Structure formats: C-alpha cells, structure tokens
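Encoded as structure tokens, the structure appears first; notes follow it.
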Protein chains: 2
Amino acid sequence: MKRKVTLKQIAKELDVSVSTVSKALRNSKEISLDTRTKVQAFAKLYNYRPNNIALSLKNKRTKTIGVIIPEIVHHFFSNVISGIEKEANNRGYNVIIGLSNESFDKEVINIEMLANGSIDGFILSVAKETLLLQDYHHFYETINQGMPIVMFDRVVNEIACDKVVVDDKLGSKKAVAKLIESGCKHIALITTKDYVNVGKLRTQGYLEALEEHKIVPKSSLIIKVEENKDKEVEIEKLEREISTLFDKEKSIDGIFAVNELYAITAMKIAINKGYKIPEDLSIIAFTDGVLSKHAIPSLSTISQHASEMGKKAATMLIDKLEELVDEEKYQTEVINTTLIERDTTR
Amino acid sequence: MKRKVTLKQIAKELDVSVSTVSKALRNSKEISLDTRTKVQAFAKLYNYRPNNIALSLKNKRTKTIGVIIPEIVHHFFSNVISGIEKEANNRGYNVIIGLSNESFDKEVINIEMLANGSIDGFILSVAKETLLLQDYHHFYETINQGMPIVMFDRVVNEIACDKVVVDDKLGSKKAVAKLIESGCKHIALITTKDYVNVGKLRTQGYLEALEEHKIVPKSSLIIKVEENKDKEVEIEKLEREISTLFDKEKSIDGIFAVNELYAITAMKIAINKGYKIPEDLSIIAFTDGVLSKHAIPSLSTISQHASEMGKKAATMLIDKLEELVDEEKYQTEVINTTLIERDTTR
DNA sequence: TGGTGTCACGCAAACGTTTTCGTGTTGAAA
DNA sequence: TTTCAACACGAAAACGTTTGCGTGACACCA
C-alpha cells in the first residue's frame, strides 16, 4: 500500500530541492519551464495533493468551520446544517459537526475539542441545559481567543457575536392572526415553559395577535408543556393534557402549537374525538418539517427557512474570517417566516 | 484580543526552553518539580491548550473521521450520523461531514478535499449517481493511499473495504410475512426501479415471502417508482399510479412500501378512497422514521436501527485506525431489522 | 578582464509540537 | 584531585508546506 506522496519524495526522486518542487507546482517563473513541466508531470503521475494539515499549520487557518447543534435527528437542525454546508463548500470550507445533545458538558467538551486549532470559527445553537444554567464561560473564552462565533436560533443576547434568529414573535402573530381571520374565536395555545426562549416569544406573539383582534386571552386555553429528555413520556403527558383541554373547553375552534409534534399530537386527539379538520377546528404549527407536510390532513405551518438560516450564518462567519467585514462589529440577522397554508386551515 | 498561547510564548515568558515547557506540561520527571509546577501554573493561568493541527502534523493522524452521506435532511442518515458521532466522541475522535447530495461530482470533490490529510478515514454511503455511473475511481484512490473506508447502507460490493449493511431482503420478507399471516391475500408492493440496490433487494424479499406462502405474485400489484430529483413531482406521479392501482385492483388488502414516504402516500390515497385501516387494508413500510411514528394512524415499519449502524461503522473504522484489527481483513457487518407493529397492521 | 544582469535553483526559516540526544553543573565516591 | 553518576535543562530534528533571500553559472557589454 503506497502512502501519500510528499514534496520531499518528489524532490528526492527528481533530484532537486523541495523548494524547487513547491515552486514548480505553483508555476513560479523562478523555475525553468523545463523543470516545471517535469515536476508537474511527476506530481500528476503520483497524484500529489498538498497536505492540508501542513497548510493549516503554516497558514494559521484550517478552512474548516465548526458547527455545534443540540441534536441532528431533527428536521430543523439538519436543514440548517444543509444550508451551512452548501455555502461553506461553495467558498472552499469544510464543516465539522459536534452534537451537544442539549447537554452543557457535551457542549463545553465539543467546543474545547474544536477550538484548539481544528477550526477557524463556530456556528452554534445553544443547548437547553446551557440556557438553563446560564453558564457561558466557554463562549467567552473562545471569543477571547479570537475565534469568531455565529449563534443561530437559540442565542444568548448578552454575548457579543453575530446572530441569526427567527422572528418568533412575529411568526406566531401571523399564525394566530390567520386563525382569527379565518373565523376562529377560541384559539388554544400549546407551548413550552417560559424558560425556553422560543416558547416564550411564540407565546407573546399569540397574545399580541389576540390583543390586536380584541380577543381576551384565557389562561385555560393555554398548555405549557414541561420538556422531558424522554420524548415519549413528554408526549404522553401532553396527550392527557390536551384531552382534558378538549373535554373542558368545548368551544375550541383553533389551535396554535409551537412545534410540529405538539400540533400533530393535538390533531390526533381531535380526530379521535370526532372533530372535523379544518371545518370544526383549524390548526397551525410553528416549524415546518416532514411531519407537517405529510400528515393527514397536511398541516399548515410557519416555516422558519432553516436552510436559509444556515446559509446566512455561514456567510456571516466566513465574511468575518476573510475579513470582508469589520471584526468588531456584530450583527443580528432576522430571518423572516412564511405561513404555509395546507389542509388544517380554512 | 489575545491570541492562543503557544509553548514558545510560555517558554519566553518563563525564560526556559520550549522543550522544557513541553516536558513540564507532560509531567516528565526529567524536569525539576520546581519548574514543573511553575510551568503548569502559568499554562493553566493562560489557558494553554496544545494546538491540534501541530499535533496532527507531527503524529500523522488527525483523530478525525470523515463522513460522506447523500443527504442529511433525512431521518435515516441523521440517525446514522448521530450513532457515528456518539461512538467517535467516546473514543476521542471528531466527525467531519460532507454531503454529496446524491451527486457523483460532489462526492468526488468532498472525498478529495478531506483525503488530503484532514481526516484519518472515511465512513460513507454511496451517492445514487455514483451507483448509476459505476465510477468508483475515487474510492480506489483513497484506499490505495492507505486511508480506510467503511461503507454503510449503500455499498459497492466489488470494493474491498469494511461494510455495514441492512439485511434488506430479510427485512422485507419479515414485513410481507407479517402481512400474509395477518390475513392479507393481495399485497401490493411499492418500490423503486431495480438499479437502486436497496429497492431491488426489498423487492426480492417481497417475492420470496409470497413464494414461501404459496402466493403467486402478480406484476399488476407492483409499482416501481422512478426516482426524481424533485420529490414533489415524484410523489405526484406516484399518487396517480397508486390511485389507478386501487381502481384496477379492488382486492388489495395489504401494502408493503420500501420507504415511509411511499407508504404514507399510499395510506393517504387509501383513506381518501374510503378504506378502513387496518381493517380493510394493512400497510407496512421499510425504514422507521418520524413520519411513521406520528402518522395517523401510526405506521407499522421495519426499523433499520440507523443509529446502531452508525455506531458499528465508527467502531469498525476506529478499530482499523488504531490497528486493533487486521488491516488487510475486511468485514461486512449485517445489522438486523425489527418489525415495529403500530396501527396499520392487525 | 572586469562589471553587471539574469536565470535557475537551493537554503533556511516559519508554523507548534514531541522527543532524542547531548551537555554543563553538581555532589559524592575513590 | 580525579572520576562518575545523577540531575536539569537545551538544541535540534521531524512532520509538510511556502517563501524571501542568497548564490553560482553564464552571458553580455564595455
């Protein structure tokens, strides 16, 4: 098995110096045309490729960006990655992935592993546990060491770095407004506890939409789900809550859920209870994914344009890395949302 | 903004040599306890971390594995990644991702980008276009350069490397047998054209199961879907085909589809046409994902244990990298499948 | 012949490590 | 006083590149 061929080997074989080979390959006119063609032919024959690691060491840049996300088995995040990857590859960068699994420790470990020279900058979405703990030392450290960070979706406002976020409040408002305008009077909200930032913002959007349409919110129409590591038990608990909600509040004619899964869960129960959708009950979910698209009936959603978010984040990071943009100036890009009307709305 | 601190800087600051610092940090007893503690304290204070790139160059290994998959916005692949990542991280490896988007060219480019020193080995699933073109030079080249490859799911048999595959035929057989045993007599198959290897194998499983139960296959019950870059048009076309299938073949009482999406599509049409599921019609899909789990009714599936596949692939690769296993010996690991019975089967 | 230029190439440093092999300074034994 | 070991440290090479600079050879001109 032949190993990778290096400049040194070519040099030895052709009885010239390493520098000559290097220059010849880069077509420097310092080297005679003769030697150049000879070296190039040899290099081609042996399929020479410069060693990236050596280049990285020399250039002090790896042309690699690190992405840390809470989970990858998730339509939103994998779409973001897809967007990042596309933009990065176009601009000659690689993407290296770390998963935090929503754990603070894993987030720290991942960042430390990558920050030591493996990558040029980070794109990340903060783990829930980190948000809960509010311990951001690892972010500060990396930034202090001169490594740029772009946060997306789940960001920490107090940290000075570029950010790409969704306008959660406005998106929710759009959804609820749509429900109201299509005739819903009693709209339930299925959201998360307030410490999850996006949950909070989406709840606000819901409330504002009601207010603007002069509808008085009723707390009995709001379910705040306690998140659980084990999705199964989380959903089971939610099912019970929704079921009792339907039983108690007969007048419900609209549901806005902060994610697909909650919406699908609600829909399943509603169908079981004999609701006709969308005639008796309209449903809209935040976050557009496969689930919504292929549900029966297919679910109307607020799309967050995940891939676009990824692309934007990559653009911002690479612009900063290539100094196309002021190093000290941080931007927050807001990606707008779109209402996708499918079969659960009128 | 302070940059990363290096051995050289510490050495200068403490007025010792670089080698002393290096040894002190590794607690070599060649260095006096005095200097050791001094250096270590200083290093800690300045948060010294050895530069990975320099280490990689020196050690000729990056402790990074490259993963190339056709797409990431896909439950199966993201699950595999998740499995890979878990195992890799446990063993101190990073994971770097490349997406081929099913394109031969992108696959080649990605492999070339990563093969030049950035990673120690590959885990990959071959792009459809590559399988169609049957051009495998990039795989041969990387292997020739001494870089191990583990292929998973979509493998090329003729290439000598480790492989992790699903027993597609057996899995399908299980599914179809289940349908037959629960009383189905006229089972339709929705599969892909034969050049997609997994489609072919799953079709074989279907046929074998019928044969073993003395049922004569009818070609009119088989739909072979032509894949299309644009999933929308692929599915639309499929919908028409399924619709006419139902119209022509009134006796259908079971459906086996080679993936979730085909199954869901069929179910949607069946429900529209008034079939009761599972009473009138049972459905099983190959590939277990969110779609099946949360469909209404939830879909019975054959699970491929994607995460386990990823884990296994990572184990095999790292074992080879760390020479825990004979370099020249290639294995093919078969991950078995499980029938997950949900609400579309009796 | 001496001076000047150009050509074609090699040397060496640099990136940040680790590690082998010295080497100067002790202190003690002979 | 000599010899030797132990000790504590430094120099340098190596990993694979790129690049500024030095230099020998040759040609040309005066």
Side-chain angles (χ1 to χ4, degrees), chain A residues 2-40 42-43 46-64 114-120 145-147, chain B residues 2-40 42-43 46-64 113 115-120 145-147:
Chain A
K2 56 180 181 189
R3 289 269 149 196
K4 289 237 62 173
V5 53
T6 70
L7 286 188
K8 196 191 283 192
Q9 289 167 35
I10 300 183
K12 197 166 163 193
E13 210 70 32
L14 262 49
D15 207 37
V16 290
S17 79
V18 175
S19 22
T20 305
V21 177
S22 174
K23 286 169 187 164
L25 289 176
R26 328 197 97 236
N27 237 323
S28 157
K29 51 190 168 337
E30 216 182 322
I31 305 298
S32 71
L33 194 61
D34 214 40
T35 341
R36 261 187 278 167
T37 50
K38 203 170 55 185
V39 171
Q40 286 169 10
F42 193 93
Y46 281 86
N47 200 11
Y48 169 79
R49 294 280 186 289
N51 180 311
N52 277 333
I53 295 290
L55 289 179
S56 295
L57 183 57
K58 183 136 189 57
N59 301 335
K60 292 173 153 279
R61 49 199 307 229
T62 61
K63 288 238 163 194
T64 300
L114 297 181
N116 304 317
S118 303
I119 61 160
D120 296 339
Q145 291 184 347
M147 181 162 293
Chain B
K2 56 179 181 188
R3 289 271 150 195
K4 290 237 63 173
V5 52
T6 69
L7 286 189
K8 196 190 283 191
Q9 290 167 35
I10 300 182
K12 198 167 165 190
E13 211 71 31
L14 261 47
D15 207 38
V16 289
S17 79
V18 177
S19 18
T20 305
V21 178
S22 173
K23 288 171 190 164
L25 289 176
R26 328 197 97 237
N27 237 323
S28 157
K29 53 191 167 334
E30 216 181 324
I31 305 297
S32 70
L33 194 61
D34 213 41
T35 340
R36 261 188 277 167
T37 49
K38 203 169 56 185
V39 171
Q40 286 170 10
F42 193 93
Y46 281 87
N47 200 11
Y48 169 80
R49 291 280 184 291
N51 180 311
N52 275 334
I53 294 292
L55 287 180
S56 295
L57 183 57
K58 185 132 189 53
N59 300 333
K60 293 174 153 276
R61 48 199 310 225
T62 60
K63 287 237 165 200
T64 300
M113 270 189 91
N116 303 316
S118 303
I119 61 161
D120 296 339
Q145 290 183 350
M147 181 163 294

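Computed from heavy atoms alone, side chains included, the values below leave out hydrogens, waters and symmetry copies. Order of the sequence lines fixes the chain letters, A, B, ..., with proteins taken first and strands second; residue numbering starts at 1 for each chain. Note that the structure is a prediction, hence the values are computed from the model and not measured.
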Side-chain N,O (A/Arg26) to OP1/OP2 (D/dT17) below 4.0 Å:
no
Rounded off to whole Å, could you give me the CZ-to-P distance for the A/Arg61 and D/dT17 pair?
19 Å
Compute whether any side-chain donor of one residue and acceptor of the other, for B/Asn47 and B/Lys4, lie under 3.5 angstrom apart.
no
Please state how far atom CG in A/Asn52 lies from atom P in D/dT18, giving the value in whole angstrom units.
11 Å
Is there a side-chain contact between A/Leu7 and A/Leu25 (heavy atoms, below 4.5 Å)?
yes
Between atom CD in B/Gln9 and atom C1' in C/dT17, what is the gap in whole Å?
14 Å
Contact between A/Lys23 and A/Thr20 at the side-chain level, heavy atoms closer than 4.5 Å - yes or no?
no
Specify the separation, in whole Å, of atom CG of A/Asp34 and atom C1' of C/dC9.
13 Å
With a 4.5 Å limit on heavy-atom distance, are the side chains of B/Leu14 and B/Val21 in contact?
no
Over how many whole Å does the gap from A/Leu25 atom CG to C/dC9 atom C1' extend?
15 Å
Does A/Arg49 have a side-chain nitrogen or oxygen under 4.0 Å from the phosphate oxygens OP1 or OP2 of D/dG16?
no
CG of A/Asn27 versus P of D/dT19: gap in Å, rounded?
14 Å
When you measure from the side chain of B/Asp120 to the backbone of B/Thr62, do you find a donor-acceptor pair of N or O atoms at a distance under 3.5 Å?
yes
If you look at every strand shown and take non-hydrogen atoms under 4.0 Å, does A/Leu55 touch a base, only sugar-phosphate, or nothing?
sugar-phosphate
Quick check: does any side chain N or O of A/Arg49 sit under 3.5 Å from a backbone N or O of B/Asn116, one acting as donor and the other as acceptor?
no
Base versus backbone protein contacts along nucleotides 4-11 of chain D [heavy-atom cut-off under 4.0 Å; B, S, -]
----BBBB
Just wondering, do A/Gln40 and A/Asn27 contact through their side chains at under 4.5 Å, heavy atoms?
yes
Before you tell me yes or no, could you show the steps for A/Thr35 and A/Ser32 under side chain to side chain donor-acceptor pair (under 3.5 Å), namely the whole-Å CA-CA distance, both residues' side-chain angles and the distance that decides it to 0.1 Å?
CA-CA 5 Å; A/Thr35 341; A/Ser32 71; 2.4 Å; yes
Taking the side chain from A/Asn52 and the backbone from B/Met113, do they hold a donor-acceptor pair closer than 3.5 Å?
yes
Between C/dG16 (C1') and B/Ile10 (CD1): distance, integer Å
12 Å
Report all interatomic pairs (protein N or O, nucleotide N or O of nucleotides 13-15 of chain C) with separations under 3.5 Å.
unit_1 : atom_1 : unit_2  : atom_2 : d
C/dA14 : N3     : A/Lys58 : NZ     : 3.1
C/dC15 : OP2    : B/Lys8  : NZ     : 2.7

